[in-house]
Amino acid sequence: MLFTIEINDQKVSARRGETILTVLNRSGIRVPTLCHLNGYTPTGSCRLCVVEVEGIRSLIPSCSAPVEEWMKIRTHTPRVLKARRTIVELLLANHPDDCFYCDRSGGCELQALADELNVHERKYMNRRKPVQVDRNCPAIERNPAKCILCERCIRVCDEMIGVSAIEIIGRGNKSQIGTGINKGLNYTACVKCGQCIMVCPTNALKEKTTFPNVVEALNNRELYPVIQFSPTVPVSIADEIGIKPGKDIMTLLRTAMQRIGFKQVFDSSFGADINIMEVAAELAQRIKTGENLPLFTSCCPAWVKYIQDTKPEYKGWLSTTKSPQLITGEIFKRYFAPLAGIPGEKVFMVSVMPCTAKKYESVNEQSKSEVDAVITTRELLKMIRMLGIDFTTLEPEQTASSNNIRSSAGVLFGAAGGALEGILRTLHFQLTGEELANYKIPELRGFKGRKEGKIMIGKTAIGYAAISGLANAKSLMNEIKAGRNDLHIIEIMACPNGCINGGGQPFDTSEKSIRSRMKALHDTDDTELIRVAHKNPLVSEIYSRLLGQPNSELSKELLHITYADQPPV
Ligand code: FES
């Protein structure tokens with residue numbers, strides 16, 4: 001029901017059930033927020049968004065208070081501004097004074113708020129007991145000293161990912177965000193997806209960086225440094241590095257990486273093509289025998305960890321095929337390096353991934369990884385700045401690895417539903433010897449957290465589902481547990497909308513930005529000549545010269561995983 005309220009003496013329409021903050025945002029009035037997260041349960045804990053409501057003595061938090069028909073609201077009175085300023089002053093009283101060295105400086109919400117509210121000196125000084133930085137996780141570092149207890153990380157871990165690895169521990173002024181067992185993230189059900197980092201307003205959570213190791217490897221003359229990129233990287237950084245629309249960013253990236261000192265530059269979509277070949281063959285075999293269906297994709301390490309930690313009874317349904325980054329690392333050292341006259345052990349393989357869980361995957365024993373360092377998209381941006389590459393003047397050049405071919409099916413892995421689309425295209429070919437009449441599967445496109453459909457392959461209706469946002473997997477798992485048996489393959493990506501929105505991506509997670517990354521990947525698929533993995537000539541070369549055929553003994557040895565009972569940390 002629509003009604004009219006007053007905000008700062010102006011008439012504004014509101015709807016029953018909306019919060020005051022929603023109405024303010026729609027009316028072009030901005031109030032500062034910290035604990036608020038769009039789409040999540042409001043906690044009203046930071047109170048930065050307070051407003052004055054005529055007739056109510058105390059200030060009320062606009063993010064959690066519902067709007068009422070009688071309300072006359074004031075958003076920026078001296079009383080409100082003073083309250084907000086005091087909140088920020090108190091938060092700063094507990095905050096380390098190390099902005100100069102902090103990774104988030106310039107992008108820190110607390111810093112921005114202090115500036116916005118004209119807080120430019122320390123008013124209060126609390127003596128917080130020194131706290132230990134949690135560095136035991138290979139993917140995520142946690143510094144409780146920088147935490148302002150907004151609880152955004154807790155809500156995302158709970159509501160979006162569904163693992164509840166972190167919580168408030170302690171009481172009163174001793175409370176902090178930690179793990180129930182207080183031993184560190186590595187000892188919890190944390191799947192290392194990094195979505196907590198994406199919502200942290202300060203630098204209390206960040207990726208465990210490995211980019212100094214990469215710089216060191218670049219300067220080691222004994223090593224042959226090689227870099228691979230997830231297809232999500234070029235579609236996410238153009239704005240950040242000042243590349244104008246229409247420029248061929250992948251060629252520019254190759255050129256830049258070669259200038260920095262990498263000997264070869266690979267697109268991980270090539271590894272995704274091999275992943276497609278292997279998973280499609282696995283699925284074809286399972287369909288034939290009727291065993292271990294539905295097949296769960298294994299390209300998202302956060303999902304694999306979730307199954308191993310939380311639902312080990314479904315472990316047998318996971319595809320055993322390694323992820324694209326692991327496959328690219330393996331094939332490079334085994335095939336391309338010897339071809340270039342380089343012993344595999346001299347190769348230092350760096351992956352640039354949109355994901356912090358890929359860091360964990362690369363050091364996890366069961367992966368038998370040939371990837372030597374994983375950096376996130378954010379770390380890449382830092383490395384580019386540090387090593388002095390100016391993309392605005394850089395001219396694209398032919399590079400040693402310009403002939404590194406991938407299909408657009410491999411590129412689609414970056415968006416939720418894309419891996420499945422690529423696998424179904426190749427499954428159709430492997431089972432019938434014919435191409436799918438229409439490669440594009442519209443049911444797998446778009447922004448929904450759960451996409452489902454059926455596709456006829458020969459005389460069999462293959463049921464499929466794609467889930468993104470790990471918490472969305474729970475209801476489907478329950479349906480399967482309750483006897484649902486019409487699905488043959490399920491793709492699960494821990495992050496909403498897939499890797500384009502991964503925990504290692506630039507901090508702009510606005511819907512506009514995620515949609516534009518998704519569109520860029522889909523546009524690639526619309527315009528490329530090679531749209532299926534089985535038509536990639538480089539894939540054919542690898543099978544004819546090295547692996548034989550998908551799921552051969554050698555590909556099982558090199559490209560598949562035997563899952564441990566509990567994933568080793
Ligand atoms: Fe409203 Fe924190 S943003 S209480």
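Numbers for residues simply follow the sequence, beginning at 1. Atoms within a ligand are numbered from 1 in the order they appear, just like the ligands themselves.
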Sidechain-backbone polar pair: Gln228 side chain, Gln325 backbone, donor-acceptor under 3.5 Å:
yes

Look at the rings of Trp303 and Tyr306 and say which category their plane angle falls in: under 30° parallel, 30 to 60° tilted, over 60° perpendicular.
parallel

Does Arg378 come within less than 4.0 Å of Asp103, counting only side-chain N to carboxylate O?
no

Glu141 and Lys208 ion-paired at < 4.0 Å
no

Ionic contact status for Lys519 with Asp526, cut-off 4.0 Å
no

Glu511 and Phe447, any side-chain heavy atoms less than 4.5 Å apart
yes

So what's near atom 1 (Fe) of ligand 1, protein N, O or S atoms under 2.8 Å?
Cys49 SG, Cys63 SG

